Amino acid sequence: MMGFAKRHADPLIPLIGCVLLIGFGALFFPKFLTATYLLQQVQIAAFLGVIATGAMVVILLGQIDLSIPWTLGGAAIISTAMAASGHTALEVLAIPAGLGFGLLVGVINGVGVAVFRIPAMVWTLSVNAMLLGLAVINTGGFNPKGEASGLMIAVATKTTLGIPNAALLWLAYGAGVLWLFRRTTFGRALFAIGNSEKASFLSGVNTTRVIFAAFALAGFSSALGGLLLAGYANQAYQSMGDPYLLPAIAAVVIGGTSILGGRGSYAGTVAGTLFVTLLTSVLSVFQIDPAWRQILFGAIIVAMLLTQRRRIM
Amino acid sequence: MLRDYLKNNRREVLAIAFFLLAFVAYLSTHPRGVSTYVLTIWANQATVLALVAMAQFFAVVVRGLDLSVGAVMALSNTLASHVVTGSGGEVAGGSILVLAVATGCGLINGAIIVYGRIQPIVATLATGSVFTGIALLLRPTPGGDIDATLADAMTYDVAGVPTALILLGGILLAIHIPFRRTGLGVAMYAIGSNEAGAVQSGVRVDATRLTAYAAAGLFAGLAGSFVGYVTFSGDANIGPSYTLNSLAAVVLGGVLLRGGAGTLLGAVVGAFILRTISALMFFSGLPPLAQPFFEGLILAIAIALGGADVFRLRNKLEVLER
Amino acid sequence: MSAFVAMKGVSKLYGATKALTGVDFACEPGQIHAVLGENGAGKSTLMKLMSGVIQPTEGVIELNGTPVTLPSPRAAQAAGIVCMFQELSLAADLSVGENILLGAPGTGWGFLPRGRLARARKLLDRIGGEAIALGARIEALTLGERQQVEIVKALMRAPKLLILDEATSALTSTIVDKVFDVLRELKAQGVAILFISHRFHEVEAIADRVSVFRSGQHIDSFAAGSRSQAQIIDLMIGQPMDELFPPRNAGDIGDEVLKVEGLRLPGGFEDINLTARHGEIVGIGGLDGQGQGKFLQALFGIMKGVQGRIEVNGVPRSITSPRDAASAGIAFVPEDRKTEGLIPNMSIGENLQLSALSRFRGGLIGRGNGIDPAAYDALIAELELKFAGLDAPVSSLSGGNQQKVALIKWLALAPDCLLLLDPTRGIDVKTKAQIYRLMRRLSAQGMAVVLLSTDYDELVNLCDRVLVFYNGQIARSLSGDALTPEAVVAASMGVADAA
């Protein structure tokens with residue numbers, strides 16, 4: 001949104017990081033350079049990428065959405081339960097219902113933040129706690145029953161012309177969001193509010209509506225990610241969203257989006273998502289102990305943030 | 001005087017009233033009635049969260065945030081399960097080592113935030129991952145041992161009063177009461193309230209902020225140690241729920257996330273509210289499966305009520321500043 | 001007598017902007033030295049350099065003849081340089097006493113020397129702050145009371161050089177007199193005092209020596225009383241005063257554009273009636289916080305709970321948000337352009353579009369918003385906006401050019417009514433003159449212009465009619481020959497009649 005140079009520098013550092021990771025991996029495992037491996041990584045990255053897209057929209061506002069885990073999980077539980085219900089009507093509505101659930105959660109988040117002015121961090125956190133509670137009531141604490149519909153499985157696991165469908169979906173979704181950012185008043189207002197809610201409000205921008213829409217989009221993205229993950233695993237499972245919250249936020253901020261809002265590029269988020277996915281993959285391919293994985297993950301993210309910071313200043 | 005106090009500490013007073021309500025409800029519904037045993041169990045659970053909430057308070061008051069408190073707690077807890085055993089001297093030395101390491105973790109956070117100029121929320125998310133990893137190295141699976149004499153002394157009671165409450169009372173007496181009368185305490189509030197003004201007034205902002213994060217580490221270390229006293233073991237996976245609950249606790253206790261307002265006492269009361277609600281749920285007769293939902297619902301309602309005074313503001317620009 | 005603090009060849013650059021160039025300046029013990037200059041002349045930069053907030057790009061600062069670096073306000077205070085800043089340094093959440101002791105020399109992290117508060121109490125009482133309790137939170141104080149606390153806070157730091165930057169702007173004349181007594185006492189004790197004020201009578205009352213700054217340069221220094229007020233003003237603005245303000249509208253005053261009847265906001269203002277007509281500029285004056293700011297904010301839909309009637313061109317309007325106000329044809333240029341009027345990190349082009357954002361058809365940028373792009377070009381040309389390109393961030397512009405952007409973004413919407421809050425604060429004289437001419441032209445073309453100003457010159461020389469607020473009400477309406485600086489000041493103070 002700023003100058004040409006800044007806009008294109010955001011994805012640079014995570015992309016260099018990706019190249020280094022692939023190069024490092026290839027030194028030990030030649031398969032890192034194969035199309036199969038790379039396409040598989042893009043497919044896995046697509047799940048995180050869709051979720052991170054939603055996280056980014058809210059972070060651009062200067063807010064945060066910590067309800068990602070159970071928005072994602074809840075959508076997956078609803079959709080898989082409906083898809084396996086045996087009623088045609090319910091099966092048809094499985095996917096729209098899951099996505100609608102995400103929108104609804106987003107609107108609830110938006111009410112707390114825009115109307116009650118509760119800090120997003122605690123409000124979305126307590127929404128997440130309620131969703132968890134609902135899931136427990138629903139499933140009785142056991143793994144949810146149900147299975148993914150054919151469409152969910154096809155999108156999450158199959159390929160078209162050799163390219164994973166999930167990656168194609170991510171591409172389309174990303175293009176849509178990029179269009180929103182660049183070409184719509186919503187996108188412009190998003191960046192404006194993230195920079196200064198006051199100045200935006202005083203310019204006649206309907207700030208409340210924009211905050212609602214942003215949280216709704218974030219909820220929708222989490223739900224979409226949940227459906228993809230359910231399709232990939234052919235089921236919903238307890239706590240399926242927990243491993244996605246921090247990586248999604250990490251992907252966004254590594255991509256150069258300011259956690260204070262108002263500054264960031266979608267290309268940066270894409271690059272951040274690829275980096276986080278590759279990093280996870282490298283750490284697991286090298287069969288590094290889970291403890292060391294966590295340590296390296298955290299340390300590398302701090303290093304990336306320090307480098308991004310140096311560039312911006 | 002009393003009216004002034006109530007006016008200036010409205011949020012704390014509300015929180016205390018809310019807590020008393022919940023506490024009376026808890027005692028009156030408890031199937032075994034009021035006893036030292038019941039009180040001690042309740043106090044031990046609440047004290048752990050209160051210590052983490054205190055940790056979070058120090059980060060929040062300087063307009064920051066520490067999402068690694070749970071991780072530091074897990075690290076201290078697992079470390080304690082190795083070193084807080086043996087002879088009396090070893091136990092003492094080990095306890096000090098645990099707190100020193102935890103304070104060091106806080107200092108690392110502070111250094112990354114102050115000198116690396118990275119936003120606290122992302123910096124501590126990342127360091128939290130590192131600290132959790134180290135905790136996992138120390139205890140891949142829950143286990144270890146904590147000196148029983150020390151643990152019992154901390155978790156039983158003295159003349160019917162739970163030791164945990166005496167400990168908390170001592171901390172509040174030693175820190176909460178004099179805090180606003182010291183240069184350090186006032187400087188922390190000033191940084192949270194008006195950082196540019198604090199610089200102009202001659203406050204050493206960097207050093208003060210660093211100290212605040214170190215204090216956050218120290219209190220997370222105390223919390224981790226206390227978990228060890230209760231469980232006699234170390235567990236690397238205790239962190240996440242405590243991090244999130246510490247945030248909820250400070251907000252319930254009237255500490256503003258924008259910094260510069262709220263008290264240590266408020267953070268403790270917030271923690272007690274949360275734990276008492278959980279305990280209340282346990283004996284409420286609600287189906288067990290419905291309890292997590294109602295816990296979340298009550299948390300959400302309490303937080304929303306705390307924010308409801310926005311509707312009294314006449315100037316919409318002031319509303320935006322919240 | 002030798003100088004306590006001296007600056008030699010000091011320059012300060014912010015990127016390409018020169019805030020100060022080659023300044024030589026000295027202040028001596030036992031002397032009250034007034035620094036005068038337009039906003040943006042470099043006075044604040046000078047103060048910040050002396051008090052350690054910023055470091056010079058070039059040149060040296062000497063303390064008692066020895067070159068020093070002052071890396072922080074803390075270091076400056078340790079050297080005896082204490083500054084009372086224009087932007088208040090108080091923490092709103094802390095009490096008066098806590099603020100006074102905050103970071104004071106000789107205090108560390110240990111217990112604060114509360115014994116000193118007895119002296120603070122005495123000082124507060126001396127400057128008319130008897131009603132300010134040491135335990136009161138700053139948040140609950142008025143702007144004037146906060147300034148009194150700031151003064152005491154500075155005095156408590158035992159200054160050898162005391163810098164007062166617009167320290168008395170919200171104080172009544174009685175309190176100002178008391179403050180001056182204290183300052184004279186300090187002077188007698190050998191303290192050097194730098195005094196920045198926009199009020200000439202204050203400077204005349206207290207200064208021993210006067211220095212004038214303009215466009216980042218030290219123009220002249222002379223003994224107080226050796227130059228006339230008019231001469232000093234010419235030095236400050238670099239051109240004669242009468243060229244600054246355009247002639248008033250000689251033609252007729254036309255139809256009512258904005259009509260406000262019985263507008264009230266509980267706790268803000270009471271029963272305000274106002275009409276602004278085609279061809280006239282209506283001024284709004286008064287001391288800070290008399291309800292005039294809230295009144296204009298209420299007209300723009302920022303306040304909740306407003307009662308009364310607002311008509312624009314004869315059509316009654318219900319205005320509950322800036323959006324409503326904008327669609328009723330009201331534009332609003334807020335006081336603080338950096339946080340309210342503009343978004344400094346976004347580009348000039350994006351800022352210009354911001355107030356027209358909701359008008360884009362279908363929410364699509366590029367589909368047109370009913371505004372002819374030529375409207376922007378014409379305004380940019382008229383105001384001579386100097387910019388590298390529409391893609392450049394607003395923060396790259398000078399203060400005056402930023403204010404032009406804040407104006408153009410609303411004027412392109414061709415509003416019926418323009419509300420301005422102190423639009424010329426902190427901008428250079430040339431831009432001021434351009435803005436004044438623009439306001440005249442717009443008013444002549446049928447826009448109702450309402451100008452809130454803290455600058456008496458502006459109210460007296462530019463406006464056709466001035467409404468002075470006092471205590472939430474319009475104390476007086478002045479126009480024609482009755483519109484004099486004395487009358488405006490008297491009405492601001494709540495004095496019934498100056499004549």
Side-chain angles (χ1 to χ4, degrees), chain A residues 1-10 60-62 114-117 176-214 216-217 256-265 312-313, chain C residues 296-297 300-302 319 321-347 349-367 369 388-396 405-406 409-410 413 415 419 421:
Chain A
M1 278 310 200
M2 311 258 301
F4 180 87
K6 273 192 175 171
R7 187 155 64 223
H8 292 268
D10 276 343
L60 279 176
L61 272 183
V115 180
F116 284 83
R117 308 296 304 178
V177 168
L178 197 60
W179 174 80
L180 272 182
F181 286 175
R182 295 263 180 92
R183 291 273 174 246
T184 66
T185 55
F186 166 76
R188 187 67 65 77
L190 201 63
F191 281 83
I193 294 172
N195 272 298
S196 171
E197 187 174 1
K198 222 178 190 180
S200 308
F201 174 71
L202 285 174
S203 299
V205 173
N206 191 339
T207 50
T208 312
R209 195 164 75 187
V210 174
I211 295 173
F212 266 79
L217 186 55
T257 298
S258 164
I259 197 86
L260 300 177
R263 214 204 78 85
S265 72
I312 294 165
M313 282 172 60
Chain C
L296 287 192
Q297 290 184 328
F300 196 60
I302 297 169
I319 294 173
S321 73
R323 267 165 63 81
D324 291 346
S327 53
I330 300 176
F332 180 85
V333 178
E335 202 168 355
D336 187 341
R337 60 177 168 267
K338 285 207 179 82
T339 65
E340 299 180 337
L342 296 167
I343 299 181
N345 288 331
M346 292 180 83
S347 74
E350 287 167 338
N351 269 282
L352 287 177
Q353 279 182 342
L354 202 56
S355 45
L357 212 52
S358 56
R359 304 191 181 197
F360 280 101
R361 281 191 292 278
L364 300 176
I365 286 171
R367 284 274 290 278
N369 54 1
L390 287 176
D391 288 340
V394 157
S395 57
S396 69
V405 175
K409 77 172 203 184
W410 279 110
L413 305 188
L419 312 177
L421 268 72

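Labels below follow one simple rule: chain letters A, B, ... track the order of the sequence lines, proteins then strands, and each chain is numbered from 1. These numbers come from a predicted model, not from an experiment.
- Looking only at atom types and distance, the side chain of C/T339 has no donor-acceptor partner in the side chain of A/K198 under 3.5 Å away.
- Proximity to chain A is limited to the backbone of C/L342, based on heavy atoms less than 4.5 angstrom apart.
- Note that CG of A/L61 and CG of A/L260 are 13.0 Å apart. Values are rounded to the nearest 0.5 Å.
- Within the 4.5 angstrom heavy-atom criterion, only side-chain atoms of C/Q353, from C-beta onward, approach chain A.
- Ring-centre distance between A/F181 and A/F191: below the 6.0 Å cut-off.
- Proximity to chain A (any heavy atom under 4.5 Å) is shown, for C/K338, by neither the backbone nor the side chain.
- Between chain A and the options C/N351, C/I302, C/L354, heavy-atom pairs under 4.5 Å are most frequent for C/L354.
- Between A/E197 and A/R117 there is a salt bridge, since a side-chain N of the basic residue sits under 4.0 Å from a carboxylate O of the acidic one.
- The choice from C/P322, C/P334, C/G341 that makes the most heavy-atom pairs within less than 4.5 Å of chain A is C/P322.
- Considering only heavy atoms from C-beta on, A/L180 stays 4.5 Å or farther from A/R188 through its side chain.
- Per-residue heavy-atom pair counts under 4.5 Å with chain A were compared for C/F332, C/F360, C/W410, and the maximum is reached by C/W410.
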